[in-house]
Amino acid sequence: MSSSAVRAAILAEVSNLASPWPVYNASDYNEFEDIMNSIEAEAVVVQFIASDDQMQSVGAEVNQCWEETGSAVLHMLVPTGFDSVPVVDKGERIQTGLRGSRLANDVLIESCSPFTDFGGSTAGVNGAVHGWTANAFYSRRSHG
């Protein structure tokens with residue numbers, strides 16, 4: 001599981017970049033259907049999916065730190081039947097705003113893939129909602 005520092009930093013930055021669309025933390029819900037009941041139009045859902053925490057040595061032996069690495073899937077959910085250009089533009093704004101960014105709590109977004117709607121996205125939503133997904137990979141070093 002991603003640390004609370006990482007979660008807070010990524011959620012804050014995605015919220016800033018996705019504005020005025022609401023941003024949901026998938027960890028606060030049991031299923032995507034629960035989130036879908038809260039969405040009236042466009043929204044972004046952040047799903048923290050994998051992380052690791054390994055000791056790293058920086059310089060001399062006494063300078064060890066911990067490096068947390070992981071990824072988050074970003075889901076853009078929009079109503080079906082509308083022009084995709086505004087969604088693609090929103091996705092590019094989020095992607096380019098995240099990639100290579102140093103966020104709060106020493107979180108570095110190593111990379112962020114472009115959004116894709118191939119296969120309806122991994123959100124598993126169908127019908128009236130169209131899904132787009134991107135993967136954001138992060139690292140965070142901490143002492144202690």
Side-chain angles (χ1 to χ4, degrees), residues 1-36 38-39 41-80 82-127 129-144:
M1 126 177 127
S2 301
S3 67
S4 9
V6 165
R7 288 169 175 259
I10 291 175
L11 286 166
E13 189 61 19
V14 171
S15 294
N16 177 54
L17 294 167
S19 181
W21 293 14
V23 174
Y24 297 87
N25 180 350
S27 298
D28 294 340
Y29 298 87
N30 290 324
E31 298 177 357
F32 269 89
E33 287 76 19
D34 297 335
I35 299 169
M36 301 309 298
S38 302
I39 296 174
E42 304 92 354
V44 176
V45 178
V46 180
Q47 186 176 31
F48 297 94
I49 59 168
S51 65
D52 193 16
D53 199 24
Q54 295 187 11
M55 184 180 287
Q56 303 291 322
S57 292
V58 181
E61 185 177 327
V62 295
N63 291 326
Q64 285 100 358
C65 68
W66 291 93
E67 183 179 49
E68 176 184 351
T69 58
S71 61
V73 177
L74 310 175
H75 303 274
M76 286 193 308
L77 304 174
V78 298
T80 57
F82 293 94
D83 185 14
S84 65
V85 172
V87 181
V88 171
D89 290 346
K90 176 70 80 172
E92 285 180 353
R93 178 175 178 218
I94 294 169
Q95 178 212 8
T96 59
L98 282 177
R99 66 181 182 201
S101 295
R102 290 197 177 274
L103 309 180
N105 303 320
D106 298 319
V107 175
L108 172 62
I109 303 297
E110 301 282 354
S111 67
C112 185
S113 66
F115 280 85
T116 181
D117 65 342
F118 179 75
S121 90
T122 58
V125 295
N126 295 307
V129 177
H130 191 84
W132 301 71
T133 58
N135 292 303
F137 298 90
Y138 69 85
S139 64
R140 177 180 180 258
R141 289 195 173 170
S142 61
H143 296 277

Flag side-chain contact, heavy atom, 4.5 Å: W132 against S84
yes
Between L74 and C112, is there a side-chain heavy-atom distance shorter than 4.5 Å?
yes
Would you indicate whether the side-chain heavy atoms of D83 and P86 approach each other to under 4.5 Å?
yes
Can you check whether F115 reaches V87 side chain to side chain, under 4.5 Å on heavy atoms?
no
Check whether R102 reaches the backbone of V107 with its side chain - one donor and one acceptor, N or O, closer than 3.5 Å.
no
Side chains of residues 20-27: which donor-acceptor partners sit under 3.5 Å, not counting sequence neighbours?
{"from": "Y24", "atom 1": "OH", "to": "S38", "atom 2": "O", "distance (Å)": "3.3"}
{"from": "N25", "atom 1": "OD1", "to": "S27", "atom 2": "N", "distance (Å)": "2.9"}
{"from": "N25", "atom 1": "OD1", "to": "S27", "atom 2": "OG", "distance (Å)": "3.4"}
{"from": "S27", "atom 1": "OG", "to": "R7", "atom 2": "NH1", "distance (Å)": "2.9"}

From D117 atom CG to T133 atom OG1, the distance as rounded to the nearest 0.5 Å
8.5 Å
If you define the side chain from C-beta out and look only at heavy atoms, does anything of I94 sit under 4.5 Å from V44?
yes
Examine distances only and state if a side-chain atom of S101 and a backbone atom of L103 form a donor-acceptor pair shorter than 3.5 Å.
no
Side chain to side chain donor-acceptor pair (under 3.5 Å) with Y138: of S2, S71, S111, only one passes, and it is S2
Quick check: closest heavy atoms across T96 and R99, and the distance to 0.1 Å?
CG2-NH2, 3.3 Å
With heavy-atom distances below 4.5 Å as the criterion, would you say the side chains of Q47 and H75 are in contact?
yes
How about R140 and N105: do any of their side-chain heavy atoms sit closer than 4.5 Å?
yes
Could you state the interatomic distance from CG (L98) to CD (E13), rounded to the nearest 0.5 Å?
6.0 Å
Locate the shortest heavy-atom distance separating A72 from V46; write the atom from each residue and the value.
CB-CG1, 4.2 Å
Could you measure the distance from the NE2 atom of H130 to the CE atom of M76? Nearest 0.5 Å is fine.
9.0 Å
Minimum side-chain heavy-atom gap V129-T80 below 4.5 Å
no
Using atom types as modelled and distance alone, determine if a side-chain donor or acceptor of K90 lies under 3.5 Å from a backbone N or O of S19.
yes
